[in-house]
> 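Okay, here's the structure, questions in a sec.
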2 protein chains.
Amino acid sequence: MRKEREIFGKYLSRHNLRDTPQRELILDAFLKREKHFSAEELYDIVKKSDPSIGQATVYRMLKLLAEAGLAREVDFGDGVMRYEHSYNHPHHDHLVCRECGKTVEVMDSVIEELQKRVAESFGFELTDHEMYLYGLCPDCRRKTQK
Amino acid sequence: MRKEREIFGKYLSRHNLRDTPQRELILDAFLKREKHFSAEELYDIVKKSDPSIGQATVYRMLKLLAEAGLAREVDFGDGVMRYEHSYNHPHHDHLVCRECGKTVEVMDSVIEELQKRVAESFGFELTDHEMYLYGLCPDCRRKTQK
DNA sequence: CATTTATTGATAATGATTATCATTACCATC
DNA sequence: GATGGTAATGATAATCATTATCAATAAATG
Ligand SMILES: [Mn+2]
Ligand SMILES: [Mn+2]
Ligand SMILES: [Zn+2]
Ligand SMILES: [Zn+2]
């Protein structure tokens with residue numbers, strides 16, 4: 001929380017960027033936010049505090065947050081880019097319910113190791129990966145089976 | 001090749017859809033095509049044989065091919081949907097070079113098994129998944145390191 | 001204060017995909 | 001082979017998330 005603000009502040013000054021009320025407002029909203037969210041969703045939240053804010057500013061700010069290492073893009077394949085916290089939130093993958101959209105964050109170090117090995121077996125140097133596991137969550141399984 | 005045509009023919013009649021010269025043409029182009037391609041790319045190919053064909057027809061046909069089980073969508077995350085053969089091309093994942101875009105099809109049954117297990121550990125019933133491994137291909141590694 | 005440079009928000013543009021719709025092609029029945 | 005019903009096509013407009021543009025504003029600098 002404090003640490004994230006410090007990181008962003010340093011990012012701004014290192015890049016000759018300015019600290020503005022809009023950026024502060026969006027940063028606050030971002031830091032409060034848990035889970036995954038789209039630019040539009042963050043815009044709606046921020047608009048309540050300052051209706052004059054432009055959505056372009058929110059899009060721009062999310063780019064900055066990603067570059068500063070505080071945010072990470074998540075693409076669930078529905079045509080809308082989402083974001084999640086990156087600081088103190090190490091890499092993980094996602095389990096997604098096809099029915100209700102619920103997501104669970106998962107991480108399996110054996111899979112991660114095997115991914116690296118598969119890439120190497122083709123001479124590739126693995127830099128990152130995306131893995132989305134789709135299925136039915138417990139709730140939706142119950143509803144479907146009855 | 002013959003078999004695919006038969007499957008598509010059955011799909012058409014089962015759904016009260018008609019066999020048309022446009023569909024034949026697109027089907028031919030699709031069957032000849034190896035690797036992954038976008039609707040636009042297929043449209044460009046097909047246009048050479050019949051310049052009067054509409055791109056909407058190509059988009060529509062790709063939907064049909066997917067529903068008939070002959071094609072499968074592949075999303076490399078660059079905003080363009082691609083397709084690949086589905087018949088006689090069992091499930092696999094993709095290794096993608098971040099530099100030149102080259103792709104390699106990979107398949108690791110241990111990973112597949114672990115994915116199922118991870119999903120089950122959260123009470124999910126796994127239906128499918130996407131996995132993209134990104135990195136540098138051998139050629140691009142060489143160029144970068146020198 | 002004056003000048004420079006960054007920032008903002010409104011708005012237009014983009015680009016892939018989808019929807020619309022009038023026209024055309026196909027099929028079965030009379 | 002005329003007719004009525006339905007499917008298919010292609011041109012075009014619409015969609016929708018994201019980017020680009022740009023004139024107006026604000027911050028920093030000296
Ligand atoms: Mn996450
Ligand atoms: Mn493939
Ligand atoms: Zn669910
Ligand atoms: Zn490469």
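Note that this is a predicted model, so its numbers are computed, not measured. All chains are named by letter (A, B, ...) in the order of the sequence lines, taking the proteins before the strands, and each is independently numbered beginning at 1.
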> Can you tell me how far C1' of D/dA20 sits from NZ of A/Lys63, to the nearest Å?
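Value for this atom pair: 11 Å.
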
> Just how far, in rounded Å, is C1' of D/dG10 from NZ of B/Lys47?
13 Å

> Separation of B/Leu62 atom CG from D/dT9 atom P, in whole Å?
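Computing the B/Leu62:CG to D/dT9:P distance gives 13 Å.
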
> Whole angstrom is fine here: how far is it from NE2 in B/His15 over to P in D/dA7?
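The distance from NE2 of B/His15 to P of D/dA7 comes to 13 Å, rounded to the nearest Å.
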
> Side chains of B/His15 and B/Glu67: is there a donor and an acceptor less than 3.5 Å apart?
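Their side chains do not contain a donor-acceptor pair, so the 3.5 Å distance test is not met.
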
> Pick the nucleotide of DNA chain C nearest each of A/Tyr43 and B/Met81; which residue has the one closer to the 5' end?
A/Tyr43

> Let me confirm one number: the CG-CZ distance from A/Leu12 to A/Arg23, rounded to the nearest 0.5 Å.
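Going from CG on A/Leu12 over to CZ on A/Arg23, the span is 6.0 Å.
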
> Anything under 3.5 Å between a protein N or O and an N or O of nucleotides 6-8 of chain C, put it in a table, one pair a line.
| residue | atom | partner | partner atom | Å |
| --- | --- | --- | --- | --- |
| C/dA6 | O4' | A/Arg18 | NE | 3.4 |
| C/dA6 | O4' | A/Arg18 | NH1 | 3.0 |
| C/dA6 | O4' | A/Arg18 | NH2 | 3.1 |
| C/dT7 | OP1 | A/Arg18 | N | 2.5 |
| C/dT7 | OP1 | A/Arg23 | NH1 | 2.4 |
| C/dT7 | OP1 | A/Arg23 | NH2 | 3.4 |
| C/dT8 | OP1 | A/Thr20 | OG1 | 2.4 |
| C/dT8 | O3' | A/Gln22 | NE2 | 3.1 |

> Where the side chain of A/Tyr59 is concerned, which of D/dA17, D/dA11, C/dA16 is the nearest nucleotide?
D/dA17

> Give the rounded distance in Å between these two atoms: CD of A/Gln55 and C1' of D/dT19.
11 Å

> Indicate yes or no for a side-chain donor-acceptor contact from B/Tyr134 to the backbone of A/Glu130 under 3.5 Å, with no hydrogens or angles considered.
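No; judged by distance alone, with no hydrogens or angles, the pair does not exist.
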
> Can you check whether B/Gly123's main-chain N or O pairs, donor with acceptor, with A/Arg141's side chain at less than 3.5 Å?
yes

> Who are the side-chain contact (heavy atoms from CB on, under 4.5 Å) partners of B/Ile45, not counting sequence neighbours?
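Result, side-chain contact (heavy atoms from CB on, under 4.5 Å) vs B/Ile45: B/Ala29, B/Arg33.
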
> Expressed in angstrom and rounded to an integer, what is the separation of B/Arg82 atom CZ from C/dT17 atom P?
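These atoms are roughly 9 Å apart.
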
> Between C/dT18 atom C1' and B/Met61 atom CE, what is the distance in whole Å?
18 Å

> Find the distance B/Glu73:CD to C/dA16:P and express it as a whole number of Å.
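The distance from CD of B/Glu73 to P of C/dA16 comes to 16 Å, rounded to the nearest Å.
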
> Report the residues that fulfil side-chain contact (heavy atoms from CB on, under 4.5 Å) with B/Asp44, sequence neighbours left out, ordered by chain and then residue number.
B/Lys47

